[in-house]
Amino acid sequence: MAAFGYKQWNLLGSLDREHSLLVARSYGKLHALSFALRRLKPAVYHKLEENTPDHIHRVLRLTEDRKVGLKAQMNLALSCLDKEEDRIAYKALEEYFGRVLETIQAAEAGAGDHSVLAHCESWINNYLIDYQARLATTAQ
């Protein structure tokens with residue numbers, strides 16, 4: 001892919017705002033195409049759906065070990081805040097964490113009409129950016 005101008009982001013770094021937006025827009029296009037394909041060519045969409053492993057639901061499955069791990073991570077995140085000094089953020093995060101498990105369980109039940117074909121290996125090492133195309137687009 002390097003011969004075509006694609007480069008990986010530094011996998012030890014974090015994405016800056018511009019690259020984060022680029023990734024989000026790319027996923028938005030992929031998901032929008034899923035909706036369009038399902039609506040315009042349902043047979044093609046369902047064939048893809050049947051032949052694509054459902055990694056998301058496998059990962060989301062809430063085993064008891066996973067629940068314990070999630071609760072530990074939530075408590076660790078809360079411990080980074082001072083309950084009094086950061087009370088607004090603390091309360092918001094605490095309320096959010098109160099809904100996390102039920103939200104994951106709802107997602108595990110299925111997205112129904114909102115499901116999309118997705119890239120399930122979304123981590124920084126899998127982002128390839130075409131800088132030649134980006135430079136051409138930003139120069140215009």
Side-chain angles (χ1 to χ4, degrees):
M1 295 301 290
F4 295 106
Y6 288 88
K7 293 187 179 168
Q8 278 185 310
W9 186 259
N10 174 4
L11 73 112
L12 298 176
S14 56
L15 291 177
D16 59 20
R17 184 178 189 279
E18 182 182 351
H19 286 86
S20 297
L21 288 171
L22 180 64
V23 169
R25 285 184 188 116
S26 296
Y27 280 119
K29 288 176 187 175
L30 173 63
H31 297 163
L33 287 170
S34 292
F35 286 118
L37 184 62
R38 183 179 25 215
R39 185 167 192 212
L40 300 173
K41 296 193 178 218
V44 173
Y45 178 86
H46 291 298
K47 184 157 182 119
L48 282 169
E49 186 178 45
E50 289 170 7
N51 292 297
T52 304
D54 191 349
H55 295 294
I56 298 295
H57 286 104
R58 182 177 48 82
V59 169
L60 286 177
R61 215 162 279 124
L62 275 177
T63 62
E64 286 307 311
D65 287 345
R66 195 160 281 152
K67 286 179 188 176
V68 168
L70 279 171
K71 287 177 183 176
Q73 289 175 337
M74 291 180 226
N75 288 332
L76 180 61
L78 282 172
S79 74
C80 294
L81 298 172
D82 182 276
K83 197 170 187 172
E84 291 305 315
E85 189 174 313
D86 304 311
R87 69 181 162 276
I88 294 171
Y90 191 95
K91 185 175 191 247
L93 200 55
E94 195 173 43
E95 288 173 7
Y96 169 76
F97 287 155
R99 295 187 310 269
V100 165
L101 293 177
E102 72 183 46
T103 301
I104 292 173
Q105 287 170 327
E108 185 181 359
D113 291 343
H114 301 290
S115 65
V116 294
L117 298 173
H119 183 282
C120 294
E121 290 286 332
S122 180
W123 63 297
I124 203 164
N125 202 38
N126 281 337
Y127 299 149
L128 295 175
I129 298 156
D130 182 352
Y131 285 100
Q132 292 172 356
R134 295 285 304 150
L135 291 173
T137 305
T138 55
Q140 295 174 357

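For clarity, every value in this text was computed on a predicted model and none was experimentally measured.
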Q: To the nearest 0.5 Å, tell me how far E49 CD sits from R38 CZ.
A: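 So the CD of E49 and the CZ of R38 are separated by 7.0 Å.
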
Q: How about K7 and L128: do any of their side-chain heavy atoms sit closer than 4.5 Å?
A: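 A side-chain contact is absent here, since even the closest heavy-atom pair is not under 4.5 Å.
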
Q: Going by side-chain contact (heavy atoms from CB on, under 4.5 Å), name the residues that satisfy it together with L21, two or more places apart in sequence or in a different chain.
A: R17, R25

Q: Taking the side chain as C-beta and beyond, is there a heavy-atom pair between L30 and V116 under 4.5 Å?
A: no

Q: Listed by chain and number, what are the side-chain contact (heavy atoms from CB on, under 4.5 Å) partners of F97, not counting sequence neighbours?
A: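 If we apply the side-chain contact (heavy atoms from CB on, under 4.5 Å) test to F97, skipping adjacent residues, the hits are M74, A77, L78, L93, V100.
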
Q: Do any pairs count as a side-chain hydrogen bond (donor to acceptor under 3.5 Å, both in side chains) and have a residue in residues 82-101, sequence neighbours left out, and if so which ones?
A: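 Pairs touching residues 82-101 that pass the test: K91-E95.
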
Q: So L22 and Y127, do their side chains get closer than 4.5 Å, heavy atoms only?
A: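 Result no, sub-4.5 Å side-chain heavy-atom pair not found.
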
Q: Does atom NZ (K67) have a neighbourhood of more than 12 heavy atoms from anything else shown, all under 6.0 Å?
A: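 Yes, because the 6.0 Å sphere around NZ of K67 holds more than 12 heavy atoms from other groups.
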
Q: Let me check something: do L81 and I88 share a hydrophobic cluster, defined by ILVMFWY side-chain heavy atoms less than 4.5 Å apart, either directly or through other members?
A: no

Q: Kindly compute the distance separating NE2 (H19) from CD1 (I124), expressed to the nearest 0.5 Å.
A: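 Going from NE2 on H19 over to CD1 on I124, the span is 9.5 Å.
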
Q: Same cluster or not: are Y27 and W9 linked, directly or through other Ile, Leu, Val, Met, Phe, Trp or Tyr residues, by side-chain heavy atoms under 4.5 angstrom apart?
A: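 In one cluster with Y27: W9, yes.
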
Q: When rounded to the nearest 0.5 angstrom, what distance separates CG in L70 from CG in D65?
A: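 So the CG of L70 and the CG of D65 are separated by 11.0 Å.
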
